[in-house]
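Just so it is clear, the structure is predicted and the values come from calculations on it, not from any experiment. In what follows, chains are A, B, ... by sequence order, proteins preceding strands, each numbered from 1.
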There are 2 protein chains.
Amino acid sequence: MSSSLSESQKDLIERIGVYHEQQGMQPLMGRILGLLLILDDAEATFEDIIEHLNVSKSAVSTALNVMQIQNKVAYRTKPGERKRYFYLNMGNWENDIEKELEEIARVGVFVQEALALRSNRKPDFNNYLKNLCQFTEFFKRQIPKLFKEFQKSKS
Amino acid sequence: MSSSLSESQKDLIERIGVYHEQQGMQPLMGRILGLLLILDDAEATFEDIIEHLNVSKSAVSTALNVMQIQNKVAYRTKPGERKRYFYLNMGNWENDIEKELEEIARVGVFVQEALALRSNRKPDFNNYLKNLCQFTEFFKRQIPKLFKEFQKSKS
DNA sequence: TTGTTTGTTCACCAAAAAATGAACCAAATA
DNA sequence: TATTTGGTTCATTTTTTGGTGAACAAACAA
């Protein structure tokens with residue numbers, strides 16, 4: 001396997017794993033992301049992953065397949081070798097973050113639907129909900145601007 | 001119990017439940033949120049919740065206690081009655097959303113840590129990570145502005 | 001052809017999460 | 001004092017999740 005990991009590296013991988021777990025990702029997927037982020041080569045074979053993370057082939061296979069479908073990782077091969085070298089698909093963190101932000105804003109849709117079904121027995125409550133909807137709509141509009149502003153701030 | 005729910009109301013409650021479940025909340029908690037959002041009175045007793053959602057007393061008790069600690073719901077009482085009327089604590093959705101946004105930005109911290117441990121064997125990859133860090137920092141700074149801008153946009 | 005390497009599939013298992021039901025308690029009422 | 005009401009606690013059960021290992025498949029090598 002490629003070089004062994006230091007304690008601080010292992011620790012960080014675990015913490016990255018827990019973070020992603022809390023964000024709704026499967027435990028192993030989170031740790032694979034961590035591993036690929038920490039490895040100096042920024043890539044790992046199937047076997048590397050198994051050995052570094054102490055998990056079974058099948059678990060890695062399943063996790064990697066899901067992660068490939070989700071465009072989180074990809075792999076390349078090297079001439080003469082059959083092994084796959086998996087690496088983080090860093091091409092679109094902007095897209096990932098954008099999706100997460102949109103997911104947060106999705107409450108607004110539900111509140112909207114709720115409002116449509118509500119009588120006006122509780123006008124204050126309804127107004128409160130309307131305000132929340134307005135915010136989520138405002139927020140959704142701001143998302144693309146956010147990325148543009150960031151690009152601008154860099155130049 | 002208070003009036004019975006229509007099919008579309010029940011359906012919306014379930015969908016709100018699933019949404020919150022996916023955001024990491026316990027299933028029952030999500031449905032309670034949905035119920036309190038849909039009920040015309042915007043409040044429900046312990047018993048109402050049990051009957052509308054078809055769950056046990058103990059499950060409701062546990063869920064409500066957690067939700068009160070998390071400041072998601074509160075209850076009031078009515079003179080002469082011992083029942084508690086639970087309602088959504090709508091005082092701070094801004095705060096909730098703010099916290100969720102900060103949680104998203106937390107990846108940046110991990111990436112920062114990863115960078116500190118990485119050699120510069122893969123400068124492109126490292127630069128990519130640096131860029132991501134810069135974005136999360138930028139993003140964190142924008143969060144308070146977002147709410148201010150929203151307030152401004154309303155006046 | 002036979003064997004080896006690399007990865008997949010699937011039936012099974014262990015641990016964790018969530019819900020239940022019964023016993024319990026505290027406050028109000030008769 | 002005994003009873004009812006409203007809610008809590010906890011041991012137990014059910015459901016879901018994540019992972020394992022063995023059998024299998026595909027690709028290449030001898």
Side-chain angles (χ1 to χ4, degrees), chain A residues 1-2 13-14 16-36 41 43-70 72-87, chain B residues 1-2 13-14 16-36 41 43-70 72-87:
Chain A
M1 95 163 106
S2 62
I13 291 171
E14 286 306 315
I16 291 173
V18 170
Y19 169 80
H20 282 101
E21 217 172 309
Q22 287 169 347
Q23 303 290 308
M25 191 172 282
Q26 292 178 0
L28 181 53
M29 284 172 55
R31 278 177 288 155
I32 292 176
L33 286 192
L35 181 66
L36 295 179
D41 289 332
E43 63 184 15
T45 66
F46 210 89
E47 254 222 297
D48 290 339
I49 297 176
I50 289 170
E51 295 183 16
H52 278 124
L53 301 181
N54 287 300
V55 282
S56 65
K57 274 168 70 165
S58 44
V60 172
S61 175
T62 314
L64 283 177
N65 285 332
V66 174
M67 292 168 85
Q68 284 175 90
I69 288 167
Q70 295 177 342
K72 299 220 181 301
V73 301
Y75 68 83
R76 67 185 184 108
T77 49
K78 295 183 181 179
E81 281 188 54
R82 263 191 289 169
K83 289 184 188 178
R84 298 173 186 176
Y85 288 79
F86 292 91
Y87 58 89
Chain B
M1 87 165 112
S2 62
I13 291 171
E14 286 306 315
I16 291 172
V18 170
Y19 170 79
H20 282 101
E21 219 173 308
Q22 288 170 344
Q23 303 291 310
M25 194 174 282
Q26 294 178 359
L28 181 54
M29 285 174 53
R31 280 177 288 155
I32 291 176
L33 285 192
L35 179 66
L36 295 178
D41 289 332
E43 61 184 16
T45 66
F46 210 89
E47 254 222 296
D48 291 339
I49 297 175
I50 289 170
E51 295 183 15
H52 277 124
L53 301 181
N54 288 303
V55 282
S56 65
K57 273 166 73 162
S58 44
V60 172
S61 175
T62 314
L64 283 177
N65 285 332
V66 176
M67 292 168 86
Q68 286 176 88
I69 288 167
Q70 294 178 342
K72 299 221 180 301
V73 301
Y75 70 83
R76 67 184 185 111
T77 49
K78 294 182 181 181
E81 280 188 53
R82 260 192 291 169
K83 288 183 188 175
R84 297 173 187 175
Y85 287 80
F86 293 91
Y87 58 89

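Look at CE on A:M25: it is 15 Å from C1' on D:dG18, rounded to the nearest Å. Rounding to whole angstrom units, CE of residue B:M67 and P of D:dT8 are separated by 14 Å. What separates CZ of A:F46 from C1' of D:dA27 is a distance of 16 Å, to the nearest Å. Rounded to an integer number of Å, the gap from CD1 of B:I49 to P of D:dG7 is 9 Å. In this entry the distance linking CD1 of B:I50 with C1' of C:dG21 reads 12 Å, nearest Å. Residue A:E81 contributes atom CD, which lies 14 Å from atom C1' of D:dC28 at whole-angstrom precision. In this structure, the CD atom of A:E47 is 14 Å from the P atom of C:dT8, given to the nearest Å.
In this structure, A:K83 and A:T62 both approach DNA chain C, and ranking their closest nucleotides by distance from the 5' end singles out A:K83.
A donor N or O paired with an acceptor N or O is found under 3.5 Å between the base of C:dG7 and the side-chain atoms of A:K57.
Using a 4.0 Å heavy-atom cutoff across all strands shown, B:L28 reaches sugar-phosphate atoms only and no base atom. Within the 4.0 angstrom heavy-atom criterion, only backbone atoms of the sugar-phosphate kind lie near A:V55; the bases stay farther away.
A donor-acceptor pair is defined here as one N or O able to donate and one able to accept, closer than 3.5 Å; no such pair exists between the side chain of A:S61 and the backbone of A:K57.
Under 4.0 angstrom from either OP1 or OP2 of D:dT5 there lies no side-chain N or O belonging to B:R84. One finds a side-chain N or O of B:R31 lying less than 4.0 angstrom from the OP1 or OP2 phosphate oxygen of C:dA19.
Candidate nucleotides D:dG19, D:dC10, D:dA22 were compared by shortest atom distance to the side chain of A:S58, and D:dA22 ranks first. Minimum atom distance to the side chain of A:N65 is reached by C:dT8, of the listed C:dT8, C:dA19, D:dG19. The side chain of A:R82 lies closest to D:dC28, out of D:dC28, C:dT20, D:dT5. Closest contact between the side chain of A:S61 and the listed nucleotides C:dT8, D:dT20, D:dT9 involves C:dT8.
Considering CZ of A:R31 and CE of A:M29, their distance stands at 12.0 Å, rounded to 0.5 Å.
Cation-pi geometry between B:K78 and B:Y85 is met: under 6.0 angstrom from the ring centre, within 45 degrees of the axis.
If you check the side chains of A:T45 and A:D48, you find a donor sitting under 3.5 Å from an acceptor.
Residue A:Y75 qualifies as open at atom OH: its count of foreign heavy atoms under 6.0 Å is 12 or below.
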